[in-house]
Amino acid sequence: MSAAPQGSGGDSSGSQSAAGAPTLDCDLLVICGGGAGLSAAVTAAYHGLTVIVAEKAAVLGGATAWSGGWMWAPLNPLSQADGIVEDIDAPRTYLQHALGANYDEPRVEALLQNSRHMVAFFEKHTSLQFVSGSWIADIQGDLPGAGTGGRSVGPKPFNARKLRKGLRPLVRPQLYETSFLGMGIMAGPDLQAFLHTTTSVKSFFHAAWRVAFHVLDLITYRRGMQLVNGPALVARLVKSADEVGVRLWVNSSAASLTTDDAGRVTGAVLDRPDGPVTVRAARGVLLAAGGFPNDVARRREYFPRTPTGKEHWTLAPAETTGDGVSLGESVGGRLDDSLASPAAWCPVSLVPYRNGKVGTCPHIVDRGNPGLIAVLANGRRFVNEADGYYQFTTGMITAVPPGEEVYAWLICDHAFQRRYPFGMSKPFPVPAWPYLRSGYLKKGKTLAELASRCGINPGELERTVQEFNRNARAGEDPEFGRGVSAFNRASGDSEHTPNPSLAPLEKGPFYAIKVLPGSFGTFFGLRADADARVLDSAGEPIDGLYVAGSDQANVMGGHYPSGGINIGPAMTFGYIAGRHAAGATRYENLVPELHNDGI
């Protein structure tokens with residue numbers, strides 16, 4: 001069964017309710033079609049269930065489509081094929097130390113035991129294919145059990161021409177601020193080629209080929225068709241869902257859940273373009289609506305340093321307003337606000353455009369490169385700039401004095417600005433003047449001039465840079481240890497010595513970008529068990545109600561120990577929910593070398 005067209009009325013096999021509204025039947029109803037929801041839908045449909053995905057937005061993908069698409073999935077078969085074989089005790093030990101008091105043993109164990117099977121299942125049975133992140137290290141490399149690579153997978157690039165024509169418009173496009181002219185660039189060899197176009201003939205031709213095909217696609221299809229990162233993951237999941245008969249409905253928000261006399265969740269009432277539809281779901285409903293990063297009231301209640309709820313800039317789509325959490329609460333679910341952090345922090349900058357719109361740019365790849373520092377308004381560094389985005393933002397929130405606006409400045413010299421991406425500003429030969437004209441990028445011939453334009457203490461900034469430069473020339477950072485961990489080194493420039501993450505800021509002009517606290521999404525979510533079932537106030541599962549993704553309380557306890565800890569658990573608990581709803585009790589022998597642990 002194929003996907004229903006956008007705005008269509010759905011399956012004609014339903015009946016009419018007493019009020020005349022149509023009633024449709026399925027086995028599993030999935031609320032929203034991001035990574036978690038589509039993972040559950042494909043898994044359940046593969047195991048024989050009829051599945052409907054009801055997406056609130058006009059496109060599928062949610063925040064997953066605006067992500068890098070990488071998943072933390074230790075012991076996965078791709079890493080083993082790369083020769084990275086480890087015992088499950090290693091990632092378990094790492095999480096025990098990284099999560100501390102927030103270590104939720106049953107759900108962490110479910111993640112560790114199932115993530116590799118999730119990868120193997122999709123790799124063998126669906127159109128979702130992966131590449132190995134053999135170079136991606138865990139962030140807190142000083143902790144016992146920390147991995148130096150092989151615990152991550154990302155989606156293989158995908159040509160959108162392989163989607164049925166009617167499905168192509170349903171895939172949320174790449175976030176413009178994380179693209180080059182709307183074209184995604186994938187972490188790893190693809191990104192390194194773009195960074196070295198002026199120093200390597202091979203890299204130049206790779207980048208030229210990518211850009212040429214992107215321009216051709218824009219002329220031919222009016223959108224990029226060579227998908228990488230989150231859009232590739234979503235497109236591959238959409239194709240997989242289509243192949244196993246999942247019905248994909250967009251513009252279909254969930255108004256309420258339905259229950260029987262025993263309190264079992266039996267389905268939901270959806271608001272669709274043609275009016276309300278009641279869907280009866282024999283095996284249950286999965287909530288995967290992306291948490292509440294755009295719910296101003298909840299942000300005001302839970303986010304630190306956000307007194308009105310508006311002092312925050314999320315990278316999640318506008319539709320993520322807490323619908324799934326509210327639906328779960330309406331039938332007895334409970335929001336877990338005991339985690340270490342309410343959200344998955346990321347530093348962002350605000351990009352003013354000539355049409356009056358303002359974009360939100362995440363600072364992911366620039367902070368680790370050599371020749372950049374971050375300072376507060378007092379002119380002093382406050383964090384290891386090359387650590388994870390969560391750690392950077394947490395450091396910023398903590399370091400800014402109470403009562404003051406939370407922000408920092410990223411600062412670099414001219415050589416850095418011409419060689420590396422710097423927020424929205426791209427390296428040579430792309431000109432920087434549009435961002436200077438808009439005020440996004442600040443410039444000064446000297447550090448004192450730059451400080452004056454940014455409102456930074458000039459004397460302290462000069463002292464900070466002088467001290468930083470003296471140590472950076474020797475490849476050292478005694479204040480914050482930048483470039484010591486494998487994660488730091490992998491985030492830098494492998495061709496730069498003696499430390500891939502450290503270089504002095506030598507010659508002007510100097511540049512600065514203001515960064516603010518943002519997030520990829522929320523960590524607070526509905527309490528759940530190891531089978532992805534929503535728990536009530538007594539800790540008992542609510543019959544017929546599953547939860548995954550950001551609607552589920554973060555399995556990492558509100559910590560960020562590695563890249564991909566949003567999408568990896570989202571995909572895994574979606575997979576777990578789909579199998580549980582289908583009554584699947586045995587794992588196919590997809591990862592035979594790992595079956596010595598009782599699975």
Side-chain angles (χ1 to χ4, degrees), residues 32 34-37 55-57 59 61-69 172-179 229-231 234 288-326 335 337 339-353 357-364 367 388-394 396-397 405-408 423-424 513-525 549-554 556 558-560 563-567 569-570:
C32 292
E55 169 59 51
K56 177 181 180 180
V59 288
T64 302
W66 283 354
S67 73
R172 187 182 293 274
Q174 177 94 24
L175 180 66
Y176 181 77
E177 286 75 22
T178 60
S179 73
N229 303 331
V234 171
F292 58 91
N294 280 294
D295 183 338
V296 173
R298 286 195 199 258
R299 290 199 315 224
R300 182 174 62 245
E301 181 178 1
Y302 294 119
F303 284 21
R305 312 296 292 274
T306 314
T308 70
K310 297 179 180 180
E311 300 84 357
H312 185 81
W313 292 266
T314 184
L315 295 159
E319 293 83 8
T320 54
T321 54
D323 296 1
V325 172
S326 296
L335 181 75
D337 60 1
L339 309 182
S341 171
W345 306 127
C346 177
V348 302
S349 54
L350 304 183
V351 190
Y353 295 115
K357 294 183 178 180
V358 178
T360 305
C361 176
H363 288 262
I364 299 173
R367 294 175 295 102
Y389 23 79
Y390 174 90
Q391 285 77 11
F392 181 97
T393 311
T394 300
M396 180 169 59
I397 293 170
E405 180 190 2
V406 180
Y407 68 91
M424 282 295 290
I513 295 175
K514 184 179 182 179
V515 292
L516 304 152
S519 70
F520 293 110
T522 45
F523 279 162
F524 287 179
S550 294
D551 282 351
Q552 182 186 121
N554 176 249
M556 298 296 173
H559 298 270
Y560 215 108
I565 59 90
N566 285 317
I567 299 179

query = Would you say the ring centroid of Tyr389 lies under 6.0 angstrom from that of Tyr560?
reply =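 Yes - the distance between ring centres of Tyr389 and Tyr560 falls below the 6.0 Å cut-off.
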
ask   = Can you check whether Trp345 and Phe523 have ring centres sitting under 6.0 Å from each other?
value =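 Aromatic pair excluded; centres sit 6.0 Å or further apart.
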
Going from [atom1] on [X] to [atom2] on [Y], what distance comes out if it is rounded to the nearest 0.5 angstrom?
X: Phe524; Y: Ser550; atom1: CZ; atom2: OG; answer: 13.0 Å
X: Tyr390; Y: Ser519; atom1: OH; atom2: OG; answer: 11.5 Å
X: Tyr407; Y: Leu350; atom1: OH; atom2: CG; answer: 13.5 Å
X: Thr178; Y: Ile364; atom1: OG1; atom2: CD1; answer: 7.5 Å
X: Ser349; Y: Met424; atom1: OG; atom2: CE; answer: 8.5 Å
X: Glu177; Y: Trp66; atom1: CD; atom2: CH2; answer: 8.5 Å

ask   = Residues in side-chain hydrogen bond (donor to acceptor under 3.5 Å, both in side chains) with Ser67, at least two apart?
value =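 Checked Ser67 against side-chain hydrogen bond (donor to acceptor under 3.5 Å, both in side chains); zero matches.
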
key: Residue list, side-chain hydrogen bond (donor to acceptor under 3.5 Å, both in side chains) with Thr306, at least two apart or on another chain   =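 Checked Thr306 against side-chain hydrogen bond (donor to acceptor under 3.5 Å, both in side chains); zero matches.
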
query = Any salt bridge between Arg172 and Glu55, counting N to O under 4.0 Å?
reply =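 A salt bridge is absent here (no side-chain N lies under 4.0 Å from a carboxylate O).
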
request  = Verify side chain to side chain contact (heavy atoms under 4.5 Å, CB included) between Leu335 and Phe292, making sure each step is shown before the conclusion.
outcome  = CA-CA 11 Å; Leu335 181 75; Phe292 58 91; 4.3 Å; yes

task = Let me see the working for Glu301 and Asp337 under side chain to side chain contact (heavy atoms under 4.5 Å, CB included), right down to the final yes or no.
result = CA-CA 10 Å; Glu301 181 178 1; Asp337 60 1; 5.8 Å; no

Result of checking Thr522, Thr321, Thr320 against Asn294 for side-chain hydrogen bond (donor to acceptor under 3.5 Å, both in side chains) =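 It is Thr320, the one option of Thr522, Thr321, Thr320 that forms the side-chain hydrogen bond (donor to acceptor under 3.5 Å, both in side chains) with Asn294.
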
query = Quick one: side-chain contact (heavy atoms from CB on, under 4.5 Å) partners of Pro517, sequence neighbours excluded?
reply =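 Scan of Pro517 (side-chain contact (heavy atoms from CB on, under 4.5 Å), adjacent residues dropped) gives Thr393, Met396, Ile397, Val406.
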
